[in-house]
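Some notes on the structure that comes next.
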Amino acid sequence: MSKRTIVPFGPQHPVLPEPIHLDLVLEDEKVVEAIPSIGFVHRGLEKLVEKKEFTEYVYVAERICGICSFMHGMGYCQAVENIMGIKIPERAEYLRTLWAELSRIHSHLLWLGLLADAFGFESLFMHCWKLREQILDVFESTTGGRVIFSVCKIGGVRKDIDQDTLKGIVAVIDKMQKELKELTDVFIEDYSVKHRLVGVGVLTKQEAHEVGAVGPMMRASGINQDMRKLGYAAYKYLDFEPVVENDGDCYARTLVRIREIYQSMDLIRQCAAKMPEGEIEEKFKGMPSGERFERLEQPRGEVIYYVKANGTKFLDRVRVRTPTFTNVPALLKILQGCDLADVPMMVLTIDPCISCTER
Amino acid sequence: MSVLRFSGYIIKNLFQKPATSMYPLKKQKCFDRTRGHISIDIDACVFCGMCSRKCPSGAIGVDRQVKQWDIERLKCIQCSCCVEVCPKKCLSMKNAYTAPSVGSVKDVFHARVPDNQPNS
Ligand code: SF4
Ligand code: SF4
């Protein structure tokens, strides 16, 4: 047995601007064990619920994550709405779905860019982010914010999208799809890209099941599960199938996310075509009382919102279990036995969002 | 040729203008709905303090005695909550961002004292 060395990886490191720390135990160039530590950016957002009124906490919930912010607000709102028995108007459901799917596109494009950056393809990285800018413009013109929208509220949404803008969004998506095809072809076919991804960090179906992976990580290992199929918001009216790949390596995870971008584009078109006219919010009275688990599919996987209310305007407890938190064991699993040079790639393919893990 | 796939981009980029602009030297494009900064019509304000109580980040200060309304620009998270709750509808969200700064910026507004009333 050769000598073991411990290489600290993070919390400040070149792969991603987020503070995850791993102690990598190496034998020569092979990782034999990875010991994670998190908790560098804990912000106490869950505790804040005791200080903010439940209607205001939406603003806090949205700020848990800077990428999938909309779905955090949406998860919290859904949980409170279900406790209070509020049925939101159908148009609001469609609008929420539309913004959620746009968020998925922007999150996946961001991730593709970061992945390209991790394997050293700078110009590909910049092109992904340039493309993503178009989606951010759609957000800014429809909601007023580029990443934090503040459009979700308990009982519906704050802003409406008129028919012309809706057509405009579909036009942007159509135009983007062509440009995206050129980019994703590079990811799918390029020799050097494949060389870095294929067969790296394999998580088998059985392992994915055992460590409880979620989201694209799990679907890339062949498990067909997508929380959108639960039919929250307008997903019950839309037609889609979860994207599943079977290889379980970094390449499969990339493929799942690429295909999900196209799927989201399709869902947006469906939303735009099916969106009914009508109100966008339901007025409500009273305070919530009771508790509720809410499960949503975020770009990174399944997020769970637990809300406990006591009949006053301050909630007892909010607990958020974010997808990255659940994917960390999966990361540790795939890190065992990999090359040191592949570590950044593996850390990235779980699409880590450490800030939302630590809340 | 998949190897040369990216060369097109590279050549295009060589002759293109930069995709980024020199903000803040160059004015940034904003949309109608862009949440830039809060502005107040101080004459309509009744200093009820509702906005200050509801503001999630505690950026607004209201003093009824001296009829003063102030906002800390960097504390404000542009959520529009105050605009919604103001009973006199004197707050509005404007679409231009406030100028970048390195320290905290506090904008203070005082109610105008009508000419025919003594200043109390
Ligand atoms: S809520 Fe409106 S009227 Fe009341 S203090 Fe604030 S700005 Fe003035
Ligand atoms: S926009 Fe939001 S954060 Fe800013 S002053 Fe108004 S309520 Fe406070």
Side-chain angles (χ1 to χ4, degrees), chain A residues 45 48 51-53 55-63 69 73 116 121-124 126-127 129-131 133-134 136-153 158-162 165 168 179 181-194 281 313, chain B residues 1-21 23 27-39 49-60 74-86 89 91-98 100:
Chain A
L45 295 182
L48 258 186
K51 294 252 177 63
K52 304 273 169 203
E53 289 175 24
T55 43
E56 267 170 50
Y57 190 75
V58 187
Y59 298 116
V60 181
E62 285 199 318
R63 282 161 178 82
S69 71
F121 203 152
E122 285 283 326
S123 42
L124 188 57
M126 287 181 191
H127 272 281
W129 281 39
K130 193 175 166 190
L131 217 53
E133 208 58 28
Q134 300 179 14
L136 295 185
D137 278 350
V138 170
F139 286 145
E140 193 169 350
S141 65
T142 54
T143 68
R146 275 163 58 87
V147 274
I148 313 263
F149 310 157
S150 302
V151 281
C152 224
K153 66 191 280 189
R158 285 197 172 79
K159 294 201 170 127
D160 203 351
I161 302 182
D162 61 36
T165 320
E179 298 171 27
K181 176 88 179 39
E182 288 173 17
L183 273 191
T184 52
D185 279 352
V186 178
F187 280 99
I188 297 172
E189 290 163 17
D190 194 90
Y191 169 78
S192 32
V193 174
K194 274 173 105 169
E281 66 167 298
K313 60 184 179 180
Chain B
M1 277 286 280
S2 64
V3 183
L4 294 179
R5 185 172 280 133
F6 237 70
S7 332
Y9 280 115
I10 294 168
I11 293 167
K12 224 195 281 170
N13 283 347
L14 271 181
F15 298 102
Q16 249 174 6
K17 278 198 297 188
T20 48
S21 66
Y23 181 78
K27 212 167 169 305
Q28 200 199 5
K29 80 168 180 202
C30 291
F31 297 93
D32 287 346
R33 283 190 180 176
T34 300
R35 294 195 308 271
H37 72 276
I38 291 287
S39 99
M50 199 63 181
C51 51
S52 152
R53 276 197 296 280
K54 293 281 179 180
C55 172
S57 65
I60 301 181
L74 290 189
K75 249 190 179 181
C76 170
I77 51 172
Q78 272 83 23
C79 65
S80 257
C81 182
C82 51
V83 179
E84 265 168 48
V85 297
C86 174
K89 298 283 161 246
L91 294 174
S92 56
M93 186 58 92
K94 295 280 182 279
N95 69 353
Y97 295 117
T98 45

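Please read all numbers here as calculations on a predicted model, not as lab measurements. Computation of the quantities below employed the complete heavy-atom set of this structure, encompassing side-chain atoms and omitting hydrogens, waters and symmetry-equivalent molecules. The chains referred to below are lettered A, B, ... by the order of the sequence lines, with proteins before strands, and numbering in each begins at 1.
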Selection from A:Asp137, A:Leu183, A:Thr55, A:Ile148 maximising heavy-atom pairs under 4.5 Å formed with chain B: A:Asp137
Spatial distance of atom OH (A:Tyr59) from atom OG (B:Ser80) [nearest 0.5 Å]: 7.0 Å
A:Lys313 atom NZ: more than 12 heavy-atom contacts under 6.0 Å: no
A:Lys52 to B:Pro56 - nearest heavy-atom pair and separation: NZ-O, 2.5 Å
For A:His127 against B:Asn13, the heavy-atom pair lying closest together: NE2-ND2, 3.4 Å
Segment of A:Phe149 engaging chain B (4.5 angstrom heavy-atom cut-off): backbone
More than 12 heavy atoms of other groups within 6.0 Å of B:Asp32 CG: no
Which atom of B:Cys81 lies closest to which atom of A:Glu56, heavy atoms considered: SG-CG, 4.5 Å
More than 12 heavy atoms from other groups under 6.0 Å of NZ on B:Lys89: yes
Over all atoms of both residues, closest heavy-atom pair of A:Thr143 and B:Arg35: O-NH1, 3.1 Å
Under 4.5 Å from a heavy atom of chain B, the part of A:Leu124 involved: both
B:Arg33 side-chain N/O to A:Lys159 backbone N/O, donor-acceptor pair under 3.5 Å: no
Partner chain B: residue of A:Lys130, A:Arg158, A:Lys51 with the largest heavy-atom pair count (under 4.5 Å): A:Arg158
Interface moiety of A:Glu62 toward chain B, non-hydrogen atoms closer than 4.5 Å: neither
Inter-residue atom distance B:Phe31.CZ - A:Thr142.OG1, 0.5 Å rounding: 9.0 Å
Residue B:Asn95 versus chain A: region with a heavy atom under 4.5 Å: neither
